[in-house]
Amino acid sequence: MKTALRAALLALTVLLAACATTGQPFDSSAIQGFKAGQTTQADVRAKLGEPQIKTAGEDGPGTSTWTYASGTTPLVAVPFAHPKTKEQSVALSFDARGVLQHIDEREQNF
């Protein structure tokens, strides 16, 4: 009986902790050290790694926007629980010299 109860409690613990992560998790505290007009693409790459998405910027030739995004969603619905989904993203815009011009950081919990 005790073994069955322990196994059930272990299974419940695992189910409650089960989450799926999408995207590339990143350290949002590293972004706080980024400064527009000073931080370079090399600085960003050193802190966050390669971006998930690189797009041509809207401010002329050679400009670019790098995007990092991540989300965590519970895999198991537990009765009467309110599972939280967390999404975070940051878009970093660079000028033609590779210097940071703008940071657009977003985080949602729902």
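These numbers were taken from a predicted model, which means no experiment stands behind them.
- D43 approaches Q38 most closely through the heavy-atom pair OD2-O, 4.1 Å.
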Side-chain donor-acceptor contacts of residues 96-104 below 3.5 Å, not counting sequence neighbours, with atom names and distances?
unit_1	atom_1	unit_2	atom_2	d
R97	NE	D95	OD2	3.4
R97	NH2	D95	OD2	2.9
Q101	NE2	D95	OD2	3.1
Q101	NE2	V99	O	3.2
D104	OD1	R106	NE	3.3
D104	OD2	R106	NE	3.3
D104	OD2	R106	NH2	3.1

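- E50 places a side-chain heavy atom less than 4.5 Å from the side chain of R45.
- Judged as a side chain to side chain donor-acceptor pair (under 3.5 Å), and not counting sequence neighbours, Q88 has no contacts.
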Verify side chain to side chain contact (heavy atoms under 4.5 Å, CB included) between T67 and Q52, making sure each step is shown before the conclusion. CA-CA 6 Å; T67 304; Q52 288 173 291; 5.7 Å; no
Decide yes or no on side chain to side chain contact (heavy atoms under 4.5 Å, CB included) for V44 and F94, but give the supporting numbers first. CA-CA 11 Å; V44 172; F94 297 94; 3.8 Å; yes
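- Contact between S93 and T65 at its shortest, heavy atoms only, is OG-OG1, 3.5 Å.
- Environment of CD in E58: sparse, with no more than 12 heavy atoms of neighbouring residues, nucleotides or ligands closer than 6.0 Å.
- A donor-acceptor pair is defined here as one N or O able to donate and one able to accept, closer than 3.5 Å; no such pair exists between the side chain of Y68 and the backbone of L92.
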